[in-house]
Amino acid sequence: MTTGQVKNLCETTRTKLKEAIAKMELFLNHYSLPQLLTENDPAMDEFYRGYLSDTRHLLVFCEVSYEKLGGSLRRPNFNEDFAERTLYDVYHNCVNSFFYPQNECYSEDGRYAYTGQDAIRFRKKPSREARNLTIELSKIFEELREDLTYYETDYITQRRMQGERV
């Protein structure tokens with residue numbers, strides 16, 4: 001990738017992270033565990049505790065990456081190595097955290113990815129607000145995953161090869 005392509009990718013990634021951050025902040029600022037629990041069900045209590053925990057972790061990962069990308073873009077001399085490392089981190093921390101949440105409250109079912117249906121499947125039936133947030137975020141993180149697919153494995157492979165040649 002050229003420096004210009006990396007810089008453009010940083011800008012579009014930052015924009016998408018900003019959108020995801022805004023959606024998560026809005027949700028987390030409006031909903032708490034007691035508001036999400038509509039009945040006294042220990043299984044749903046566990047589900048929502050995990051869901052909220054995963055959402056908070058994802059928010060932090062996204063905010064850190066958003067700030068790093070902003071710092072990279074504001075530098076007088078664009079540091080391509082730092083920017084690429086940050087894009088790698090976005091893929092492995094943000095995208096992977098969304099699609100593979102620690103508490104496994106939902107998962108992606110690839111069989112639905114090309115049917116136009118939502119590919120996210122929940123372990124328990126969540127509230128409409130939690131479901132809507134997850135589906136909205138899935139669209140953002142699907143785009144990020146496509147944009148940053150190079151950073152899944154090729155980036156590290158290339159770095160290792162460069163290190164071996166040096």
Task: Evaluation steps, side-chain contact (heavy atoms from CB on, under 4.5 Å), between Glu46 and Arg123 - done: CA-CA 11 Å; Glu46 178 187 350; Arg123 186 174 41 136; 4.2 Å; yes
Less than 4.5 Å apart, any side-chain heavy atom of [X] and any of [Y]?
X      : Y      : value
Asp89  : Val64  : no
Ile120 : Ser107 : no
Asp81  : Arg85  : no
Glu142 : Phe99  : yes
Glu25  : Glu63  : yes
Pro126 : Phe47  : yes

- [ ] Please name the residue in the list Val90, Asp147, Leu69 that meets the side-chain contact (heavy atoms from CB on, under 4.5 Å) test with Leu9.
- [x] Asp147
Does [atom1] in [X] sit with more than 12 non-hydrogen atoms of other residues, nucleotides or ligands closer than 6.0 Å?
X      : atom1 : result
Gln35  : CD    : yes
Arg128 : CZ    : no
Asn40  : CG    : no
Glu129 : CD    : yes

Roughly how far, to the nearest 0.5 Å, is [atom2] of [Y] from [atom1] of [X]?
X      : Y      : atom1 : atom2 : result
Leu37  : Glu39  : CG    : CD    : 8.5 Å
Asp54  : Gln102 : CG    : CD    : 6.0 Å
Leu144 : Leu87  : CG    : CG    : 10.0 Å
Leu33  : Met44  : CG    : CE    : 10.0 Å
Ser138 : Arg145 : OG    : CZ    : 9.5 Å
Thr13  : Ile140 : OG1   : CD1   : 12.5 Å

Task: Short side-chain donor-acceptor distance under 3.5 Å, Thr134 and Tyr51 - done: yes
TODO: Can you label the angle between the Phe61 ring and the His57 ring as parallel, tilted or perpendicular, going by 30° and 60°?
DONE: tilted
Which pair of heavy atoms, one from [X] and one from [Y], lies closest together, and at what distance?
X     : Y      : result
Ser32 : Leu52  : C-CD1, 4.3 Å
Leu17 : Cys62  : CD2-SG, 3.9 Å
Leu36 : Tyr48  : O-CE1, 3.5 Å
Tyr91 : Leu148 : CD1-O, 3.5 Å

Is it true that [X] and [Y] fall in one hydrophobic cluster, defined by side-chain heavy atoms closer than 4.5 Å?
X      : Y      : answer
Val60  : Leu133 : no
Leu26  : Leu137 : no
Tyr66  : Leu73  : yes
Ile135 : Phe27  : yes

Open item on the list: With side-chain contact (heavy atoms from CB on, under 4.5 Å) as the criterion, how do Lys16 and Glu11 come out once you've worked through the C-alpha distance, each side chain's angles and the decisive distance to 0.1 Å?
Closed with: CA-CA 9 Å; Lys16 289 172 186 171; Glu11 290 169 351; over 6 Å; no
TODO: Give the intermediate values and the outcome of side-chain contact (heavy atoms from CB on, under 4.5 Å) for residues Cys10 and Phe78.
DONE: CA-CA 11 Å; Cys10 285; Phe78 184 73; 4.1 Å; yes
Under the 3.5 angstrom rule, does the side chain of [X] hit a backbone N or O of [Y] as a donor-acceptor pair?
X      : Y      : answer
Asp109 : Arg121 : no
Ser53  : Gly50  : no
Asn103 : Cys105 : no
His92  : Tyr88  : no
Ser97  : Asn93  : yes

Open item on the list: Pair Phe82, Thr86 - check side-chain contact (heavy atoms from CB on, under 4.5 Å), show working.
Closed with: CA-CA 6 Å; Phe82 178 79; Thr86 303; 3.7 Å; yes
- [ ] Step by step, work out the side chain to side chain donor-acceptor pair (under 3.5 Å) result for Glu108 and Tyr100.
- [x] CA-CA 8 Å; Glu108 180 184 33; Tyr100 305 103; 5.3 Å; no
TODO: Taking the six-membered ring for Trp and the single ring otherwise, decide whether the centroids of Phe98 and Tyr106 are under 6.0 Å apart.
DONE: yes
